[in-house]
A.B. asks: 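First, the structure itself, so that you have it in front of you.
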Number of protein chains: 2
Amino acid sequence: MILSPKIENFVLHCGEMGSRWGFNRTIGQMVGLLVIHEQPLTANEIAESLKISRGNVSMGIKELQSWQLVKVTHIPGDRKEYYAPSGSIWDLANRVFEERRKREIDPTLSLLRDQILDGPNSPEEEYAQKQIQAIHDLLETVTKWSAELQRLSPEQLQTLMKLGSSVGKVIDLKDKLLKKS
Amino acid sequence: MILSPKIENFVLHCGEMGSRWGFNRTIGQMVGLLVIHEQPLTANEIAESLKISRGNVSMGIKELQSWQLVKVTHIPGDRKEYYAPSGSIWDLANRVFEERRKREIDPTLSLLRDQILDGPNSPEEEYAQKQIQAIHDLLETVTKWSAELQRLSPEQLQTLMKLGSSVGKVIDLKDKLLKKS
DNA sequence: TTAAAGTTTCAATAATTACTGAAACTTTAG
DNA sequence: CTAAAGTTTCAGTAATTATTGAAACTTTAA
């Protein structure tokens with residue numbers, strides 16, 4: 001399981017980015033490796049390729065499973081478990097995005113809701129309350145949007161993606177139409 | 001500079017979330033504090049409120065400035081510097097989003113571009129190449145979209161946001177408009 | 001039922017990242 | 001020019017997070 005320079009490069013880069021994407025270096029490398037390899041890999045192959053301990057791989061896989069990024073497969077007559085990405089690049093990105101939303105937004109949203117219900121407890125808290133409300137609204141919008149994106153069909157997504165630099169135009173057109181009716 | 005329980009709660013929470021949002025606990029607390037307080041604060045007030053060292057505040061401010069999240073103001077006849085958020089909640093969120101794009105996406109995009117130019121160096125790299133291309137395309141789309149969002153006017157954004165639970169409608173809308181013209 | 005193949009767990013330790021506080025630096029009023 | 005007010009830097013240390021490797025656990029073929 002020796003990696004070609006190009007692939008090694010890619011895998012190492014995934015490691016460096018790993019921590020920015022929400023996991024650690026090792027796990028970043030694992031994702032990179034699994035994504036770039038057509039065939040599923042065993043835990044031992046992963047450990048060997050990345051030069052890390054077997055235990056570390058085991059913990060990494062557990063973490064990746066909690067993110068729903070890997071699936072386990074078996075080869076008939078072989079007792080080992082083989083690991084592969086749980087879907088297309090798009091699927092994986094979606095999962096990461098979703099998981100991060102849960103970790104980065106949901107807890108805050110929940111706290112802010114409580115704080116809003118509580119209301120301002122003193123004149124100085126008036127301004128605080130307004131800001132809390134603003135953050136809450138922003139986060140709620142983001143949440144709704146991300147849920148919406150998950151729901152779109154691949155074709156709709158395709159269209160939306162291509163829309164790119166002309167979202168603005170579509171919106172303007174919509175406004176005009178509304179005024180007419 | 002003693003904080004009311006509610007505000008302290010909010011600030012502490014921002015600290016916990018800080019690391020998830022791309023900075024560390026202290027810096028998260030600083031953002032929270034600045035956002036929730038109507039009046040700009042001095043570095044000493046921040047240190048006192050959060051019970052952290054003066055040096056830490058100084059480093060935190062430097063970091064926040066690199067994210068363009070704070071602005072410095074002065075009070076006539078007072079030599080101290082007063083710090084405040086650099087804009088509305090929406091502005092701040094935008095900046096964080098933008099900065100994270102730079103850190104989380106741009107370096108990868110750049111590497112992948114190089115790797116694509118390099119082409120597959122062996123038959124086994126065929127598949128790798130395809131995957132690299134797929135990741136590249138995904139990241140490029142995200143980048144384009146985020147640039148587009150920055151460019152929209154607040155009103156356009158407002159419209160887009162309210163469209164909310166029905167992005168699908170935007171697509172339908174687009175199709176209808178195209179047919180008419 | 002057992003031993004071989006495989007996997008997971010976790011205490012110890014390594015690596016990384018954040019924080020303090022004292023010293024050095026900068027600015028300005030007198 | 002100088003001293004007071006303010007700010008930044010950074011070496012040392014504390015706190016956190018990641019990794020190893022050996023022991024414990026699980027599964028299955030014979």
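Here is the naming used below: chain letters follow the sequence lines, and residue numbers restart at 1 for every chain. Remember, predicted model here, so these are calculated numbers, not experimental data.
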A.B. asks: Return the nearest nucleotide to the side chain of A/Met59; candidates are C/dC19, D/dT7, C/dT9.
C.D. replies: C/dT9
A.B. asks: In terms of heavy-atom contacts, does CD1 of B/Ile2 have more than 12 from other residues, nucleotides or ligands at under 6.0 Å?
C.D. replies: no
A.B. asks: Out of C/dC19, D/dT7, C/dT8, which has the shortest distance to the side chain of A/Ser58?
C.D. replies: C/dT8
A.B. asks: Is atom CZ of A/Phe97 surrounded by more than 12 heavy atoms (other residues, nucleotides or ligands) closer than 6.0 Å?
C.D. replies: no
A.B. asks: How many Å lie between CG on A/Asn44 and C1' on C/dG6, as a whole number?
C.D. replies: 8 Å
A.B. asks: With a 4.0 Å cut-off on N to O distance, would you call B/Arg151 and B/Glu148 a salt bridge?
C.D. replies: yes
A.B. asks: Starting at CZ of B/Arg54 and ending at P of D/dC10, how long is that distance when rounded to a whole Å?
C.D. replies: 16 Å
A.B. asks: Select base, sugar-phosphate, or nothing to describe what A/Thr42 touches, counting heavy atoms under 4.0 Å on all strands.
C.D. replies: nothing
A.B. asks: Does A/Lys80 have a side-chain nitrogen or oxygen under 4.0 Å from the phosphate oxygens OP1 or OP2 of C/dT7?
C.D. replies: no
A.B. asks: Select from A/Arg79 and A/Asn56 the residue whose nearest nucleotide in DNA chain D is closer to the 5' end of that strand.
C.D. replies: A/Asn56
A.B. asks: Rounded to whole angstrom units, what separation is found between the CD atom of B/Glu63 and the P atom of C/dC19?
C.D. replies: 11 Å
A.B. asks: How many Å lie between CZ on A/Arg20 and C1' on C/dT17, as a whole number?
C.D. replies: 14 Å
A.B. asks: Calculate the interatomic distance between B/Glu81 atom CD and D/dT8 atom C1'; express it in whole Å.
C.D. replies: 11 Å
A.B. asks: Inspect the contact between A/Arg95 and A/Glu98 and indicate whether a charged nitrogen and a carboxylate oxygen are less than 4.0 angstrom apart.
C.D. replies: no
A.B. asks: Kindly work out whether a path of hydrophobic side-chain contacts (I/L/V/M/F/W/Y, heavy atoms less than 4.5 Å apart) joins B/Ile7 to A/Tyr127.
C.D. replies: no
A.B. asks: NZ of B/Lys51 versus C1' of C/dG21: gap in Å, rounded?
C.D. replies: 19 Å
A.B. asks: Give the rounded distance in Å between these two atoms: OH of B/Tyr83 and P of D/dT7.
C.D. replies: 6 Å
A.B. asks: Give the rounded distance in Å between these two atoms: CG of B/Leu50 and P of C/dC19.
C.D. replies: 11 Å
A.B. asks: Looking at the side chain of A/Asn24, which of D/dT19, C/dA18, C/dT9 is the nearest nucleotide?
C.D. replies: D/dT19
